Undergrad: 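Take a look at this one; I'll ask things after.
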Amino acid sequence: MSDHGAPSPSAVSAAHDVRTVVGRLRRRIRAAADTGDISLTQASVLARLIDNDGLSVSDLAGIEGMRHQSMASTVAALEGLKLVERRPDPEDGRRMLIALTAEGRRRAEEARQARGEWLADQLQKKCTEEERQTVITAMAVLERLLHD
């Protein structure tokens with residue numbers, strides 16, 4: 001592994017390929033869960049709240065890469081569907097946190113399960129055992145990129 005300097009041609013090519021494939025795969029996985037009466041953006045917000053129950057609109061906007069006003073509209077629509085609710089932040093009473101309702105949690109967990117099942121099914125149908133092991137190894141390599 002090289003420490004510094006300009007990236008090698010293979011690093012540039014790998015970066016392009018990873019970004020392209022991960023982006024397309026992410027969109028396809030998200031589409032695998034039938035979101036029914038909610039948009040993909042709304043479904044993404046529900047998914048974020050499964051593991052982070054209690055985020056502000058600003059937090060969600062930052063995570064999703066959206067403007068605050070757009071996220072406020074998204075949250076309001078989810079509130080109208082009774083999938084999220086606002087709660088006072090226990091550490092700062094002036095701030096409101098967005099949390100899943102029981103129905104919102106059920107829908108988000110069903111969608112997560114559907115996405116996982118779709119991906120496992122695709123890996124089973126379209127890949128050999130050796131290819132699946134290669135994917136597992138590649139994911140460990142990519143995971144290292146996330147840690148300093």
Side-chain angles (χ1 to χ4, degrees), residues 1 7 11-148:
M1 291 186 285
V12 171
S13 178
H16 175 268
D17 292 350
V18 167
R19 280 191 333 268
T20 301
V21 171
V22 167
R24 288 175 31 210
L25 184 59
R26 184 174 182 260
R27 286 187 295 278
R28 184 59 189 94
I29 290 170
R30 285 175 68 188
D34 179 18
T35 58
D37 59 341
I38 63 173
S39 71
L40 286 176
T41 301
Q42 291 167 336
S44 182
V45 168
L46 294 181
R48 296 279 184 197
L49 290 170
I50 289 177
D51 298 323
N52 301 296
D53 205 20
L55 294 172
S56 71
V57 171
S58 295
D59 294 335
L60 286 166
I63 292 167
E64 291 291 318
M66 295 173 64
R67 291 186 344 214
H68 183 276
Q69 295 145 309
S70 299
M71 182 54 71
S73 295
T74 298
V75 168
L78 290 169
E79 260 186 308
L81 294 169
K82 302 201 182 320
L83 299 177
V84 300
E85 60 189 8
R86 294 176 193 264
R87 297 180 184 162
D89 184 335
E91 296 175 14
D92 180 353
R94 298 168 296 173
R95 198 169 103 120
M96 296 300 283
L97 299 178
I98 310 306
L100 292 170
T101 62
E103 177 63 11
R105 181 164 300 282
R106 183 192 66 75
R107 298 243 331 240
E109 288 173 352
E110 282 179 2
R112 179 182 274 182
Q113 182 173 346
R115 290 188 302 270
E117 288 173 359
W118 177 86
L119 184 55
D121 186 57
Q122 295 303 302
L123 288 165
Q124 182 66 39
K125 286 181 187 174
K126 298 179 179 177
C127 298
T128 64
E129 180 61 31
E130 183 178 350
E131 289 170 326
R132 288 189 293 272
Q133 292 303 318
T134 299
V135 169
I136 292 167
T137 301
M139 293 303 100
V141 170
L142 292 175
E143 182 71 24
R144 280 198 332 243
L145 301 178
L146 302 173
H147 306 287
D148 292 334

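Since the model is a prediction, treat every value here as computed from it, not as a measurement. Numbering starts at 1 and runs along the sequence shown.
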Undergrad: State, to 0.1 Å, how close Q42 and D37 come at their nearest heavy-atom pair, and which atoms those are.
TA: OE1-O, 4.4 Å
Undergrad: Could you tell me the separation between the OG1 atom of T134 and the CE atom of M139, rounded to the nearest 0.5 Å?
TA: 10.5 Å
Undergrad: Hey, could you give me the CG/CZ distance between L25 and R30, rounded to the nearest 0.5 Å?
TA: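 So the gap between those two atoms works out to 12.5 Å.
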Undergrad: Is there a side-chain contact between T20 and H16 in this structure, where contact means two heavy atoms from C-beta onward sitting under 4.5 Å apart?
TA: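 The answer is yes, as the side chains (C-beta and beyond) meet within the 4.5 Å cut-off.
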Undergrad: With sequence neighbours excluded, tell me which residues meet side-chain contact (heavy atoms from CB on, under 4.5 Å) with A111.
TA: A33, R115
Undergrad: Looking only at non-hydrogen atoms, find the nearest pair between A114 and A32 and report the distance.
TA: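 Taking A114 first and A32 second, the nearest heavy atoms are CB-O, 4.5 Å.
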Undergrad: Taking only residues two or more places apart in sequence or in another chain, which ones pass side-chain contact (heavy atoms from CB on, under 4.5 Å) with E103?
TA: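 Listed in chain order: L83, T101, R106, R107.
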Undergrad: Around Q113, counting heavy atoms of other residues, nucleotides and ligands shown, do more than 12 lie under 6.0 Å from its CD?
TA: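 Not more than 12 within 6.0 Å, no.
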Undergrad: Among T74, V84, V45, find the residue that satisfies the side chain to side chain contact (heavy atoms under 4.5 Å, CB included) test when tested with I98.
TA: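 By the side chain to side chain contact (heavy atoms under 4.5 Å, CB included) criterion, I98 pairs with just one of T74, V84, V45: V84.
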Undergrad: Can you name the nearest heavy-atom pair linking A108 to A47, along with the distance?
TA: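 It is CB-N, 4.4 Å.
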Undergrad: Under a 4.0 Å N-O cut-off, is there an ion pair linking R112 with E109?
TA: no
Undergrad: With salt bridge (charged side-chain N to carboxylate O under 4.0 Å, His left out) as the rule and sequence neighbours excluded, what pairs involving residues 61-84 come up?
TA: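 Qualifying pairs, neighbours excluded: R48-E64, E79-R86.
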Undergrad: Where the side chain of R132 meets the backbone of L123, is there a donor-acceptor pair that is under 3.5 Å apart?
TA: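 Flag set: sc R132 to bb L123 pair under 3.5 Å.
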Undergrad: About how many Å separate OG of S39 and CG of L78, when rounded to the nearest 0.5 Å?
TA: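 These two atoms lie 7.5 Å from each other.
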Undergrad: Please list, chain by chain and in numerical order, all residues satisfying side-chain contact (heavy atoms from CB on, under 4.5 Å) with E130, sequence neighbours excluded.
TA: T128
Undergrad: According to side-chain contact (heavy atoms from CB on, under 4.5 Å), who are the partners of S56, at least two apart in sequence or on a separate chain?
TA: S58, D59, R95, L97
Undergrad: What's the verdict on side-chain contact (heavy atoms from CB on, under 4.5 Å) for I38 and L46, showing C-alpha distance, side-chain angles and the deciding distance?
TA: CA-CA 10 Å; I38 63 173; L46 294 181; 3.7 Å; yes
Undergrad: What salt bridge (charged side-chain N to carboxylate O under 4.0 Å, His left out) pairs are there with at least one residue in residues 17-28, not counting sequence neighbours?
TA: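 As it turns out, there is no salt bridge (charged side-chain N to carboxylate O under 4.0 Å, His left out) pair with a partner in residues 17-28 once direct neighbours are skipped.
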Undergrad: Distance from L60 atom CG to T41 atom OG1, nearest 0.5 Å?
TA: 12.0 Å
Undergrad: Around E91, counting heavy atoms of other residues, nucleotides and ligands shown, do more than 12 lie under 6.0 Å from its CD?
TA: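 Atom CD in E91 is not crowded, with 12 or fewer foreign heavy atoms closer than 6.0 Å.
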Undergrad: So, the side chain of T137 versus the backbone of Q133: is there a donor-acceptor pair under 3.5 Å, distance only?
TA: yes
Undergrad: At what distance, to the nearest 0.5 angstrom, does CE of M96 lie from CG of L55?
TA: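 So the CE of M96 and the CG of L55 are separated by 14.0 Å.
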Undergrad: How close do P7 and V12 get, counting heavy atoms only, and between which atoms?
TA: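 For P7 versus V12, the nearest heavy atoms are CB-CG2, 3.9 Å.
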